[in-house]
Amino acid sequence: MKIASWNVNSLRVRLDHLSDWLNDNQPDLMCLQELKMPDQDFPSEALLELGYHSVFTGQKTYNGVAILSKQPLDNVVTDMPDMDDPMRRYIAGDYPLASGQSMRIVNVYVPNGQALDSDKFIYKREWFSKLRAAMRETLQDNPNVVLVGDFNITPADIDVHDPKRWAGKIHCSDIERLMLQKLMSEGLFDTYRHFNTDGDHFSWWDYRGAGYRANEGLRIDLILSSSAMLNAATGSHIDEAPRKLERPSDHTPVVAEYSL
DNA sequence: ATGGTAGGGCACCTA
């Protein structure tokens, strides 16, 4: 089984890139962030023709998350538990496994936070604390959990192209890394880092400046597996191919594979 | 320290 996560930065603009990638890679689950479209515009029919069911929660202009799946999801939730948040950043569902069991897939678009002294950073901290509480419940309900998405946090300096330049800045601060560590202490593991110990591999590059050309990136898109899922994981990689296309998203897909 | 580009939507906001 293959699970992928991709911040597409406008599904309208990136639908062709997404369609090609799905055809070439055939993930069982594809989790999307930053749809930037209302639900009535979501291209369900086009994706169904490619062999994917869709669940989604969107809004005009900003945010929006979706899960595409080869088989339909059950028990879909489109709101962060215990939080009244108009921003569409959370979607989860149960996906059937060949064993007859199910796994819980959770897809998030974590708030950017803008800067540590910003009001948006207070929102990021509150949102992340709600996510941690929600994941504790999720892990109690089902040992087979995969939490994916754009976390807008680099786990460590190895995930930063220039740690000195980014030291203490948004996405790279100690407080954010501690938030992520606390979340992972509930029983979630960085699947990419489990299989890859080398640096200079990123999932996002700024459109501005040298950006992708100079590999000035961050690894902020993560696939976090519960211990049961990590035991079944066989590999994880970042696919930079879509970032090289004309008019790319600033993020590229991250993939994990499981012997399930 | 600042600004650079992109998407949405049409003045800026978010990233």
Side-chain angles (χ1 to χ4, degrees), chain A residues 5-21 30-43 46 56-66 80 83 85-91 107-128 131 148-155 159-173 175-177 179-180 202-222 238 240-254:
Chain A
S5 177
W6 192 5
N7 179 325
V8 290
N9 186 21
S10 168
L11 182 53
R12 212 183 312 275
V13 172
R14 237 64 70 185
L15 185 57
D16 286 348
H17 289 186
L18 173 65
S19 301
D20 290 346
W21 199 89
M30 168 54 99
C31 298
L32 304 173
Q33 304 89 33
E34 284 208 87
L35 308 177
K36 295 187 172 180
M37 60 165 56
D39 286 347
Q40 61 264 30
D41 294 347
F42 191 91
F56 47 87
T57 181
Q59 65 186 90
K60 202 171 106 167
T61 311
Y62 302 118
N63 309 312
V65 287
M80 174 71 81
M83 186 175 192
D85 186 8
M87 300 204 195
R88 307 290 74 204
R89 299 180 176 276
Y90 176 100
I91 190 164
N107 175 27
V108 296
Y109 175 45
V110 174
N112 178 296
Q114 194 169 66
L116 297 196
D117 59 358
S118 163
D119 286 347
K120 294 191 178 70
F121 190 66
I122 296 169
Y123 168 60
K124 184 177 197 172
R125 292 180 66 172
E126 183 193 357
W127 200 93
F128 216 87
L131 177 62
V148 317
D150 177 358
F151 284 77
N152 272 312
I153 300 175
T154 54
D159 305 304
V160 181
H161 72 93
D162 184 347
K164 281 182 187 162
R165 183 169 126 193
W166 282 88
K169 295 209 163 24
I170 196 74
H171 311 309
C172 301
S173 67
I175 186 167
E176 290 168 282
R177 288 177 177 170
M179 285 157 49
L180 180 62
F202 310 118
S203 64
W204 170 88
W205 300 260
D206 204 317
Y207 285 124
R208 298 168 289 191
Y212 182 67
R213 188 162 35 83
N215 198 26
E216 293 180 353
L218 303 176
R219 193 174 69 90
I220 53 176
D221 299 273
L222 307 176
I238 299 169
E240 290 191 29
R243 191 64 177 78
K244 303 176 198 290
L245 299 172
E246 288 286 318
R247 234 186 147 186
S249 169
D250 46 353
H251 298 250
T252 210
V254 180

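Chain naming here is simple, since letters A, B, ... match the order of the sequence lines and numbering starts at 1 in each.
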query = Under the criterion side chain to side chain contact (heavy atoms under 4.5 Å, CB included), which of V8(A), D150(A), N9(A) is the partner of H251(A)?
reply =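 Option passing the side chain to side chain contact (heavy atoms under 4.5 Å, CB included) with H251(A): D150(A).
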[atom1] atom, [N] versus [M]: distance in rounded Å?
N: dG9(B); M: dA15(B); atom1: P; result: 15 Å
N: dA1(B); M: dT14(B); atom1: P; result: 23 Å
N: dC10(B); M: dA6(B); atom1: C1'; result: 16 Å

ask   = Within a radius of less than 6.0 Å around CZ of R213(A), do more than 12 heavy atoms belonging to other residues, nucleotides or ligands occur?
value = no
task = Could you tell me which residues satisfy side chain to side chain donor-acceptor pair (under 3.5 Å) with N107(A), sequence neighbours excluded, listed by chain and number?
result = Q33(A)
task = For the pair H171(A) and W166(A), name the ring-plane relationship: parallel under 30°, tilted 30 to 60°, perpendicular over 60°.
result = tilted
query = Centre of F202(A)'s six-membered ring, under 6.0 Å away, within 45 degrees of the axis: is that where NZ or CZ of R219(A) sits?
reply = no
message = As a quick check of understanding, evaluate side chain to side chain contact (heavy atoms under 4.5 Å, CB included) for L35(A) and R88(A), giving each step before the final call.
response = CA-CA 10 Å; L35(A) 308 177; R88(A) 307 290 74 204; over 6 Å; no
In whole angstroms, how far is the [atom2] atom of [N] from the [atom1] atom of [X]?
X: E246(A); N: dT5(B); atom1: CD; atom2: P; answer: 16 Å
X: R165(A); N: dG3(B); atom1: CZ; atom2: P; answer: 15 Å
X: L245(A); N: dA6(B); atom1: CG; atom2: C1'; answer: 16 Å

request  = Report, as a single string ordered 5' to 3', how protein heavy atoms within less than 4.0 Å touch nucleotides 8-15 of chain B: B base, S sugar-phosphate only, - not at all.
outcome  = SS---BSB
